[in-house]
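This report concerns only the one structure given below.
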Amino acid sequence: MVAEIRLFTCLTDNFGALIHDPATKATASIDAPEAGPIVKALEQEGWQLTDILITHHHHDHVGGVAALKQKYNCRVVAPHDKSTKIANVDLRAAHGDVVKVGGLLARVLETPGHTLDHISYVFDNEKTLFAADTLFSIGCGRVIEGTHPMMWDSLLKLRALPDDFKLYCGHEYTAANIKFALTVEPDNAALKARAGEVTRLRAANKPTVPTLMGEEKKANVFLRADDPSIAAKLHMKGVNAAEVFGELRERKNKS
Ligand code: ZN
Ligand code: FE
């Protein structure tokens, strides 16, 4: 049986996401920005929450954990880095670990940079990536705790996933990301196509994710910092990709 995924808004611009295994009835919430919308989504489907898979310690990703744990007595899986002091954790996950959600398998990738503890979850059988605040559609997370080379390395891990994998991310930032990306690559055909699609989706009040990794690889400038055409546009010919990535990230911060 095929896993079911539900996506909805939490807080202002966070995504809540549930993944459900019909065979075992297990359901995981990817992060827990706030309990209310997650409980509502579960009740709409008649699902019981069995697991919370936390990606990183920021409050907009763990704020609902305590209330959900109390209501459902679910298992809480969190990054291995204990220094971040995420509360109510039952299982610590590190790079390469495979976490079971009923019969579903979530492979853990350590993707530090936005925070030092950030992990992403890959459901290989479902061809689905939950990248939270590491990779956004047409963007990437701010590099808050890590370094630019660290974040670039994390993006390369995600870029290695096949083109037909679906990307789910932590925030609805796509429209703003496109606005910036077009300042770097006004002639990128894939980016322009995505811009049109996102304008239509937002006008219809629909989320802009999931999107396909293959499309992101073509349209997301932050995944293409090692493309010589990007270095040339930034007048950084011959400069290494991590530095080009850093320049892109700095420009986005100021945009
Ligand atoms: Zn964050
Ligand atoms: Fe966030």
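This one's a predicted model, so the numbers in the text were calculated from it and none came from an experiment. Counting convention: from 1, in listed order, for ligands and their atoms alike. The first residue in the sequence is number 1, and the count goes up from there.
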**Study point:** Pair His61 and His171, ring centroids less than 6.0 Å apart
**Key:** yes
Practice item. May I ask you to check if any N/O/S atom from His61 comes under 2.8 Å of the Fe ion (ligand 2)? Key: yes
Revision key, fill the gap. Among the N/O/S atoms of His58, the Zn ion (ligand 1) lies closest to ND1
Study note, to complete from the structure: To the Fe ion (ligand 2), the closest N, O or S atom belonging to Asp133 is OD2
Exercise for review: Would you confirm whether Asp117, through its side chain, and His57, through its main-chain N or O, come within 3.5 Å as a donor-acceptor pair?
Suggested key: yes
Exercise for review: Report yes if some heavy atom in the side chain of Phe165 is under 4.5 Å from a heavy atom in the side chain of Val122; otherwise report no.
Suggested key: yes
Check your understanding: Does any donor atom in the side chain of Arg194 or Ser137 lie under 3.5 Å from an acceptor atom in the other side chain?
Key -> yes
Review point. Thr111 and Ser120: side-chain hydrogen bond (donor to acceptor under 3.5 Å, both in side chains), yes or no, with the steps?
Key: CA-CA 6 Å; Thr111 51; Ser120 300; 2.9 Å; yes
Review point. With a cut-off of 2.8 Å, does His171 place any N/O/S atom under that distance from the Fe ion (ligand 2)?
Key: yes
Review point. Does Arg159 reach the main-chain N or O of Leu223 with its side chain, forming a donor-acceptor pair under 3.5 Å?
Key: yes
Practice item. Answer yes or no as to whether an N/O/S atom of His118 is found below 2.8 Å from the Zn ion (ligand 1). Key: no
Review point. Would you say His61 has an N, O or S atom lying under 2.8 Å from the Zn ion (ligand 1)?
Key: no
Point to revise | Closest approach to the Fe ion (ligand 2) by Asp60, given as the N, O or S atom name | key: OD2
Review point. Any idea which N/O/S atom from Asp133 gets closest to the Zn ion (ligand 1)?
Key: OD2
